K.L.:
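Mind looking over this structure? Questions follow.
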Protein chains: 2
Amino acid sequence: MRRLYGPRHHTRNRGSFGTRYRCRVEHQIPTATVARLSRYLTSLEVTTTSSVSSDELAAKAGGNGAQVRKDLSFLGTTGTRGVGYETAALRNEIRRALGLEAVRPVVIIGAGHLGSALAGYPGFARRGFRICGLFDQAHDRVGTTVAGVRVSDIDQLTDAIPDPATAIGVIAVPAEAAQAVADLLIGAGFRSILNFAPALLTVPPSVEVRQVDLASELHILSHHLARRSG
Amino acid sequence: MRRLYGPRHHTRNRGSFGTRYRCRVEHQIPTATVARLSRYLTSLEVTTTSSVSSDELAAKAGGNGAQVRKDLSFLGTTGTRGVGYETAALRNEIRRALGLEAVRPVVIIGAGHLGSALAGYPGFARRGFRICGLFDQAHDRVGTTVAGVRVSDIDQLTDAIPDPATAIGVIAVPAEAAQAVADLLIGAGFRSILNFAPALLTVPPSVEVRQVDLASELHILSHHLARRSG
DNA sequence: TAATGTGAAAGGCTTCACAGCC
DNA sequence: GGCTGTGAAGCCTTTCACATTA
């Protein structure tokens, strides 16, 4: 069985024509941990004390102390027993783990209600991202300015982004158009997509998609309401 | 060890001053399954064939056939071996499980960019919800109309919603104001909250909160980008 | 003393594999 | 022959408990 927790340098078996060799994987961080690191970072951004304990961080960001410690153990940082973690150092470690050493460019496709709201969302800039493009198909939207960002024609996508392989593409168009936009992004060299359309995207394995479905969140809450009152 | 999958009527042990009794829990659906049921429903809404197989549904909504079958087994529906599931019946079963037999009311607090976008999002109405209130603190927003919904003063929250215990409250205000809005909702009788502010809410156990953090999704994508190129 | 770091145990979810049924 | 229903196995995640260390 594969070890998942424990030593920080994990190993993983790979089959290869019957033989097996072991390949060293550094800092293979579990996906559940990555999601929490994001919350820890958001907390640490407004922490003023010079150090925090795992219990303090858990109280601010959610979870419990043991989980915080296990999560942080993947970073290679080491806290100080009896004291806690040095705030500034931990902040930097998490930023590094999340690939935020430099500001990461984001483009938004779709300048409708949602796309416009995202373009103007102050939380993105505050947390390591820069909206460096807002694109739309509709000619009457092209040329207007939304939340300080100029709306460009979707055909200019390729020209506007110097290195799409390090950027994130956000899909904020109706479900019917989502796959076409995904294909466009992938064709332009994007490898990370955040999809707000309630549609399953088909993409090659080299491309990562995350799906945010607002109605789905309401469905889940609705289910629990029904369970309790029934 | 507790049985989780298998027979549809689960039992659960409850400690009670040393004695243990077994209490029948019908249709205790795992949270991961509930999230997928939402996607299945979205697919089924646009399915035209009179029946679907688990593999077909998996292809449309994501996942694999075995998972679809296991998920649907919690509903108590039974498909037809050799054929599949009857589309209309399945759709109704899932709606029932998600508490969508009647249209579920939703109120949005915060009529800024995000709140306005949500109020105008056609996906909500299409998938079983009605936006029946949009509230804001700012007096210059009150009285205006956003996406066909009138913005009301937040003080009128209690009057506007007949039965808050069956409704869902959506928080779309800045992080600093989120806890105050949550307290307001809970005081008014809400028991389900969808929170878009990147802030940890403290609520009594009777209230369920779901958190959608847009920047967090970008963090996760950013992490994977960094892992691959580094 | 007060906290971290981490094996081990427990819990929950997904996948497998196949019996059962239409 | 095709597809469902479901134990069992395996994997991933969380929690526990405690040795360890500043």
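Note that the structure is a prediction, hence the values are computed from the model and not measured. In the text below, chain A, chain B and the rest are named by the order of the sequence lines, each starting its count at 1.
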K.L.:
Ile29(B) CD1 to dG12(C) P: how many Å, rounded?
P.N.:
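Interatomic distance, CD1 of Ile29(B) to P of dG12(C): 16 Å.
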
K.L.:
So which atom in Leu75(B) and which in Arg96(B) form the shortest heavy-atom distance, rounded to 0.1 Å?
P.N.:
O-NH2, 3.9 Å

K.L.:
For Glu86(B) and dC3(D), what is the distance between atoms CD and P respectively, to the nearest whole Å?
P.N.:
17 Å

K.L.:
Would you kindly compare Glu56(B) and Ala32(A) by the position of their nearest DNA chain D nucleotide and give the one closer to the 5′ end?
P.N.:
Glu56(B)

K.L.:
Given dT14(C), dG5(C), dT6(C), identify the nucleotide with an atom nearest to the side chain of Arg36(B).
P.N.:
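Shortest atom-to-atom distance from the side chain points to dT14(C).
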
K.L.:
Counting side-chain heavy atoms from CB outward, which of dT6(D), dT4(D), dT6(C) is closest to Lys70(A)?
P.N.:
dT6(C)

K.L.:
Determine: side-chain N/O of Ser73(A) to OP1/OP2 of dT4(C), distance under 4.0 Å, yes or no.
P.N.:
no

K.L.:
Quick one: which of Arg95(A), Arg39(A), Arg127(A) gives a salt bridge (Lys or Arg N to Asp or Glu O under 4.0 Å) with Glu45(A)?
P.N.:
Arg95(A)

K.L.:
Reckon Gln67(B) has a side-chain N or O less than 4.0 Å from the OP1 or OP2 of dC13(C)?
P.N.:
no

K.L.:
How close do Leu225(B) and Ala165(A) get, counting heavy atoms only, and between which atoms?
P.N.:
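Closest heavy-atom pair between Leu225(B) and Ala165(A): CD2-O, 3.4 Å.
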
K.L.:
So, is Thr80(A) close to the dG5(C) phosphate, meaning a side-chain N or O under 4.0 Å from OP1 or OP2?
P.N.:
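So the side chain of Thr80(A) is outside the cut-off, no N or O lying under 4.0 Å from OP1 or OP2 of dG5(C).
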
K.L.:
Is there a side-chain polar atom (N or O) of Asn64(A) under 4.0 Å from OP1 or OP2 of dT14(D)?
P.N.:
no

K.L.:
Whether Thr31(B) contacts dG12(C) is assessed here as follows: a side-chain N or O lying under 4.0 Å from the phosphate OP1 or OP2. Is that the case?
P.N.:
no

K.L.:
Looking at dC16(D), dA3(C), dT14(D), which one has an atom nearest to any side-chain atom of Ala66(A)?
P.N.:
dC16(D)

K.L.:
Any non-hydrogen side-chain atom of Val207(A) less than 4.5 Å from a side-chain atom of Phe190(A)?
P.N.:
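No, side chains not in contact.
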
K.L.:
Provide, to the nearest angstrom, the distance between the CG atom belonging to Asp55(A) and the P atom belonging to dT4(C).
P.N.:
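Taking atom P of dT4(C) as the reference, CG of Asp55(A) is at 7 Å.
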
K.L.:
Report the distance from atom CZ of Arg69(A) to atom P of dA17(D), rounded to the nearest whole Å.
P.N.:
13 Å

K.L.:
So, Asp71(A) versus Gln67(A): side-chain donor-acceptor pair below 3.5 Å or not?
P.N.:
no

K.L.:
Any side-chain N or O of Tyr85(A) below 4.0 angstrom from OP1/OP2 of dG5(C)?
P.N.:
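For Tyr85(A), the contact criterion (side-chain N or O under 4.0 Å from OP1 or OP2 of dG5(C)) is met.
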
K.L.:
Can you identify which nucleotide, out of dT6(C), dA22(D), dT14(D), has its nearest atom closest to the Arg81(A) side chain?
P.N.:
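Closest of the options to the side chain of Arg81(A): dA22(D).
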
